[in-house]
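Fair warning: this is a prediction, and the values are worked out from it, not measured in the lab. Chain letters run A, B, ... following the sequence lines, proteins first, then strands; residues in each count from 1.
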Number of protein chains: 2
Amino acid sequence: MEQKPAKKMFLQIVKQLRELIMEQRIQPGDKLPSERVLCERLNASRSSVREALRSLELLGLIESRHGGGTFLADVGGHQLVEILSSFILREEKSQKDVHATREMHEREAIRIICAEKELRNLPIWDSLFAQIELQQEVKRAAILRECVIAAGNRLSLKIWIQLHAYSMTSLKDRVTVSEKEALQILIKSMQMGYTEEAIEAYNEWIGQI
Amino acid sequence: MEQKPAKKMFLQIVKQLRELIMEQRIQPGDKLPSERVLCERLNASRSSVREALRSLELLGLIESRHGGGTFLADVGGHQLVEILSSFILREEKSQKDVHATREMHEREAIRIICAEKELRNLPIWDSLFAQIELQQEVKRAAILRECVIAAGNRLSLKIWIQLHAYSMTSLKDRVTVSEKEALQILIKSMQMGYTEEAIEAYNEWIGQI
DNA sequence: ATAGTGAACTGGTCAGACCACTTTTTGTGG
DNA sequence: CCACAAAAAGTGGTCTGACCAGTTCACTAT
């Protein structure tokens, strides 16, 4: 009859906190019930309540002021709560999000390359272009990796590697003939510093995959 | 003076935890010291240590198993973000990369919003615009967070939250008068769907910070 | 060598106690 | 009556200690 008590207390409290916020129409900036009151209402110890509150505070969803009280974060509480619940429930993000994020990093790398002369003039681009022209073994991942590496943001590179590892399943290795053109346009545009054209070529290329 | 922020204990512990992970080369999937051991080493009470650990657990960075121990989140499928964050945590040197990456996600969010009518027409933008106009308390983070949320990529949001959490130090809270204009242009451009203008306004705004 | 058992360890939860800070109330003096 | 300072109440921040409930692992007894 009762819900599963299996989950950890502080997660249940986070969930109940969200329900409480919605029920009582607590607006961003408003004060939340005090920790001690929440203990009573949620039938939990103060330690557990605090674990939940501190978690939400680290996420930036609430703000606690010593001696003052606990408040719902200033802006956009309702939207945040929705996001939050999805985190709690561990609803896993779609493959789409992973792809979109990876492509975001790739596009940004292309933009950076286009904007910097030293990067545009790297010999690697000619090399890649020639390999594509000759239909040699050119792996998509290699091309994109070169871009992200060239862009010089190591954090972005690390993120990209992880994202790529995760989304590799649906990617074929070799570059097909139909992709050849868009790919070469991409590289040439990059070398010329034509950001818009490069991005457009990239989008067209990605669209084929 | 020393940068002893005298901030909240559980935040200090979060910070110390990441230092500990870095020093001991703890890899994703590895076991962390037990809560009681951490109490001794970090010279804090178990309550505070647990508040920190539970926060990291809600973020998905660590995983606790009843009776088993606490582990640094492993590469299991979608949990990739956790690994990144552990990278982020240990790279003090590349603060610039963190900022650049965070800004990348913000720009992408702006682009997405500009491109989709439903997102442009969200009431939140008028609300933010009005608050800026009235010089109310508007936090930079709140504005950017709304953008990333609205863009709808939850993976990107999760990455952003973590990037923001660890680059917070250099960000002031309030929006200054000099930023007001660029910010309002950003919002208006977004609502109109003028991608280029919005990005330009964003860059100008960011440049001031 | 194996299966079984139990001690030792680990996280999960709770209760209560202080402290420091903020807000509210109260009581005084004008 | 009002203004203002002192006192009280309220609130988050931290710590201690305790007990429960799972997991691990070494050491039996077979």
Sequence neighbours excluded - salt bridge (Lys or Arg N to Asp or Glu O under 4.0 Å) pairs with any residue from residues 42-54 of chain B: A:R50-B:E51, A:E51-B:R50, B:E35-B:R46, B:E35-B:R50, B:E35-B:R54, B:R54-B:E57

What residues, two or more places apart in sequence or in another chain, satisfy side-chain hydrogen bond (donor to acceptor under 3.5 Å, both in side chains) together with [X]?
X      : result
A:E116 : none
A:N203 : A:R107
B:D30  : none
A:S34  : none

With [X], which residues qualify under side chain to side chain contact (heavy atoms under 4.5 Å, CB included), at least two apart?
X      : result
B:E40  : none
A:E200 : none
A:K31  : A:F71
B:E197 : B:S189, B:Y194

Looking only at non-hydrogen atoms, find the nearest pair between B:N153 and A:T101 and report the distance. ND2-OG1, 2.9 Å

If you count heavy atoms of other groups shown closer than 6.0 angstrom to CG of B:N121, is the number above 12? yes

Spacing of [X] atom [atom1] relative to [N] atom [atom2], expressed in whole Å:
X     : N      : atom1 : atom2 : value
A:L11 : C:dG11 : CG    : P     : 16 Å
B:R36 : C:dT10 : CZ    : C1'   : 6 Å
B:H66 : C:dT10 : NE2   : P     : 13 Å
A:E35 : C:dA17 : CD    : P     : 18 Å

Sorted by position of nearest nucleotide on DNA chain D, 5' first, the leading residue of A:K31 and B:K31 is A:K31

First-last contacting nucleotides on DNA chain D - partner chain B, under 4.0 angstrom, heavy atom: D:dG13 to D:dT23

Distances for protein N/O vs nucleotides 3-9 of chain C N/O pairs under 3.5 angstrom?
none

In residues 42-52 of chain B, which ones come under 4.0 Å of DNA chain D, going by heavy atoms? B:S45, B:R46, B:S47, B:S48

